[in-house]
Student: 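Dumping the structure here so I can ask a few things about it.
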Amino acid sequence: MPPAPEAARPPAAPDDPVERAAIAAALARGATRGRLLEILLEVRDAKGGSGISEPGLRAVADRLGLFPSEAYEVATAFPAVNYATARPYATGERCGDLVCALLHGAGGTGVCRNRCDGERPQPAPRGFAAYRAAGGYAMAGRLMADPAAAAEVLGRIDAHQAVGRAGVGFPVAEKWRQVMAAEGTPVVIVNGDEGELAIFKDRFILENEPHGVIEAALVAARTVGADRVFLYVRDDYAPIHAILRRALEEVAAAGLAEGLALELRRSGGAFICGEETALIASLEGRPARPAERPPFPTARGYLGRPTLLHNVETFYRITAAWGGAPGAPAAALLHPETRLHSVSGRVRAPGPKPVRRLARLADLVEIAGGMAEGHALGGMVIGGSSGTLVTADDCRRPLAELLAAGLRLGTGGAIVLGAADDPRAVAARMAAYLARESCGQCGPCRVGTAKAAQALAGAGALDRPLLDDLATVMGEASLCALGRNAGRFLGRLSTLADPTP
Ligand SMILES: Cc1cc2nc3c(=O)[nH]c(=O)nc-3n(C[C@H](O)[C@H](O)[C@H](O)COP(=O)(O)O)c2cc1C
Ligand code: SF4
């Protein structure tokens, strides 16, 4: 017998009254496909962390006019949704990622500062009144009164030579002009996904200066003529969600959001959610999978509209172009030569460290309070989860030499290793992380990351020809930078003296 058509099925409804109420409430806040991920996260929260049930998912799909398979594809693509998982994400237990494993591996202690960092005090951001009193929102207000001031804003950003801080360093003003030249009403997105292992710089900014980021997003929106702004923030940054919700209410109450829809959205708990095209897909109610480029999001992004997307740090720093409202402790970032390093691992005081003109990587150790008790410097992982393993000797060389030889600082992450830490085990964990986070859409990355993880995890001599082969294929044929950077990471392993003990 052929299966019954969808329309002939009885309406789906979960047994659990809490879930039924949560679904109704989430749908009442907005029943659009674009809100699908957020609806699933809201239901998860109402259920105390466990994911939506299968009948619940079908009920949501029915209401949004989706096939159950479409809703299922989204629910299973985001770990944070906790749909049908035996081991829920964000349970508050130790995350087990690289830094966590280093510190806690043999029963040790220390602050991981990655996913399991619950012991930190509640953040105390600068509030709306204090930010405004220091000159904040003056440019946002001016643009509302005089839209022609947009040309001045662009000129100031040009003069400031602002570049993107998510890693690539693309000029900010050029991106804005591309968006302005494209057809359609633009959308602005603040990328606060920060899903990369051991990076916590955006968290530092949002915990201290939420209004600086929001003001920059408002100025960007008014300059490029957008009607909508999304703040897309990592799912497990719950204290920051509360800070931003309040900040957005204050901005709206002050009349600064007139004509603009401002919305906080949470990401889905996967590293790939931060890749711009994958992020946009998740905001459209689709799985977070990167798209081919061109077209670039500046021309065709969210729902086919021109989309201006920057990292949190980029937004915050451009307030300096029009004077901003500097306030400690983030004000150091308003100097163009300052870099925000996320320092973690075997140091006494891990954390976000704004540094001006870093001379040697080893200096980060002193800046982070020195090596942890009983450890000597054994090297660093620089740039994030698909970053570079740097030997202790190289850490002590002038940074300029390393940069000239091709080292990339990326998003500024620095995981400090001890002399007793096994670099091969570190590389194996990095590869396993990349294999887990690969979205699986293209072969070179899906297969390459898995093979690399397997090769590095095994005992015995490293199969360098295999790693070099994988590095070439992944570097050249991966669709997005996750696979390409993973290739670079593997390629650089061969230049290390020897990552085997
Ligand atoms: C796997 C992957 C993850 C990414 N995650 C983030 C992220 O969490 N935050 C971010 O701002 N950019 C992230 N990016 C970079 C974005 O695609 C995009 O280039 C960036 O947000 C642009 O910001 P910028 O103009 O401020 O540099 C990621 C890229 C890749 C390939
Ligand atoms: S390179 Fe990896 S993460 Fe990027 S699209 Fe391909 S499979 Fe997905």
Side-chain angles (χ1 to χ4, degrees), residues 77 157 162-176 178-179 188-203 205-206 213 216-217 220 230-237 266-283 287-293 296-298 301 307-318 340 342 383-387 409-413 431 433-450 452 470 473-489:
I157 292 176
V163 294
R165 296 286 169 166
V168 180
F170 192 79
V172 170
E174 195 177 327
K175 215 182 212 186
W176 291 28
Q178 285 177 7
V179 170
V188 168
I189 300 176
V190 179
N191 189 348
D193 181 52
E194 196 154 79
E196 190 165 4
L197 176 65
I199 304 291
F200 32 78
K201 68 187 187 66
D202 296 343
R203 176 164 84 181
I205 294 169
L206 291 169
V213 177
F230 288 108
L231 303 172
Y232 187 86
V233 179
R234 184 165 143 169
D235 167 66
D236 55 355
Y237 282 178
R266 292 172 293 171
S267 71
F271 177 28
I272 203 64
C273 290
E275 194 281 335
E276 56 188 5
T277 56
L279 185 160
I280 289 168
S282 78
L283 285 177
R289 289 196 197 111
E292 295 245 22
R293 277 162 292 192
F296 289 91
T298 45
T307 300
L308 178 66
L309 179 146
H310 285 302
N311 175 249
V312 162
E313 185 184 349
T314 309
F315 276 110
Y316 176 63
R317 294 175 83 119
I318 56 168
L340 183 49
S342 304
S385 42
S386 48
L409 296 179
T411 40
Y433 172 79
L434 292 166
R436 189 182 80 210
E437 297 294 337
S438 164
C439 82
Q441 174 173 216
C442 55
C445 172
R446 183 183 61 247
V447 178
T449 51
L470 292 173
V473 174
M474 289 164 68
E476 288 177 3
S478 296
L479 193 143
C480 87
L482 187 148
R484 291 197 296 272
N485 289 344
R488 231 193 30 224
F489 151 67

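When a ligand or atom number is given, it counts from 1 through the structure's own listing order. Quantities reported herein were computed from a predicted structural model and do not represent experimental measurements.
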Student: Checking a contact table here: which protein heavy atom is nearest atom 18 (C) of ligand 1, and how many Å away?
Tutor: Glu276 OE1, 3.8 Å
Student: Measure Glu194 to ligand 1 on non-hydrogen atoms and call it side chain, backbone, both or neither using the 4.0 Å cut-off.
Tutor: backbone
Student: Nearest protein heavy atom to atom 22 (C) of ligand 1, by residue and atom, and its distance?
Tutor: Lys175 NZ, 3.6 Å
Student: Going by the order shown, which atoms of ligand 1 are within less than 4.0 Å of some heavy atom of Gly195?
Tutor: 8 (O)
Student: Could you tell me which atoms of ligand 1, counted from 1 in the order shown, lie closer than 4.0 angstrom to a heavy atom of Leu482?
Tutor: 1 (C), 31 (C)
Student: Please identify which atoms of ligand 1 are closer than 4.0 Å to at least one heavy atom of Gly164.
Tutor: 24 (P), 25 (O), 26 (O), 27 (O)
Student: For atom 2 (Fe) of ligand 2, count the protein N, O or S atoms found under 2.8 Å away.
Tutor: 1
Student: Kindly determine whether Ile272 and Cys480 satisfy side-chain contact (heavy atoms from CB on, under 4.5 Å), including the steps that lead there.
Tutor: CA-CA 10 Å; Ile272 203 64; Cys480 87; 3.9 Å; yes
Student: Give me the residue, atom name and distance of the protein heavy atom closest to atom 29 (C) of ligand 1.
Tutor: Glu275 CA, 3.7 Å
Student: Nearest protein heavy-atom contact for atom 23 (O) of ligand 1: which residue, which atom, what distance?
Tutor: Asn311 N, 3.3 Å
Student: Could you tell me whether Val312 and ligand 1 have an N or O pair separated by under 3.5 Å?
Tutor: no
Student: Please work out, at 4.0 Å between heavy atoms, whether the side chain, the backbone, both, or neither of Phe170 comes within that distance of ligand 1.
Tutor: neither
Student: Apply side-chain contact (heavy atoms from CB on, under 4.5 Å) to residues Leu340 and Tyr316 and explain how you reach the verdict.
Tutor: CA-CA 12 Å; Leu340 183 49; Tyr316 176 63; over 6 Å; no
Student: Which residue holds the protein heavy atom closest to atom 20 (C) of ligand 1, what is that atom called, and what is the gap in Å?
Tutor: Ala166 CB, 3.4 Å
Student: Is the shortest N/O to N/O distance between Thr314 and ligand 1 below 3.5 Å?
Tutor: yes
Student: Around atom 21 (O) of ligand 1, find the nearest protein heavy atom and jot down its residue, atom name and distance.
Tutor: Asn191 ND2, 3.1 Å
Student: Is ligand 1 under 4.0 Å from a heavy atom in the side chain of Arg165, in the backbone, in both, or in neither?
Tutor: backbone
Student: Any heavy atom of Glu313 sitting closer than 4.0 Å to ligand 1?
Tutor: no
Student: May I ask you to identify the nearest protein heavy atom to atom 16 (C) of ligand 1, giving residue, atom name and distance to one decimal place in Å?
Tutor: Gly274 O, 3.5 Å
Student: From Glu276 CD over to Leu308 CG, what is the distance, rounded to the nearest 0.5 angstrom?
Tutor: 10.5 Å
Student: Would you call His310 and Val172 a side-chain contact if the rule is heavy atoms closer than 4.5 Å?
Tutor: yes
Student: If we only count heavy atoms from C-beta on, is the Thr277 to Pro297 side-chain gap below 4.5 Å?
Tutor: yes
Student: Which of the numbered atoms in ligand 1 are under 4.0 angstrom from any heavy atom belonging to Ile272?
Tutor: 1 (C)
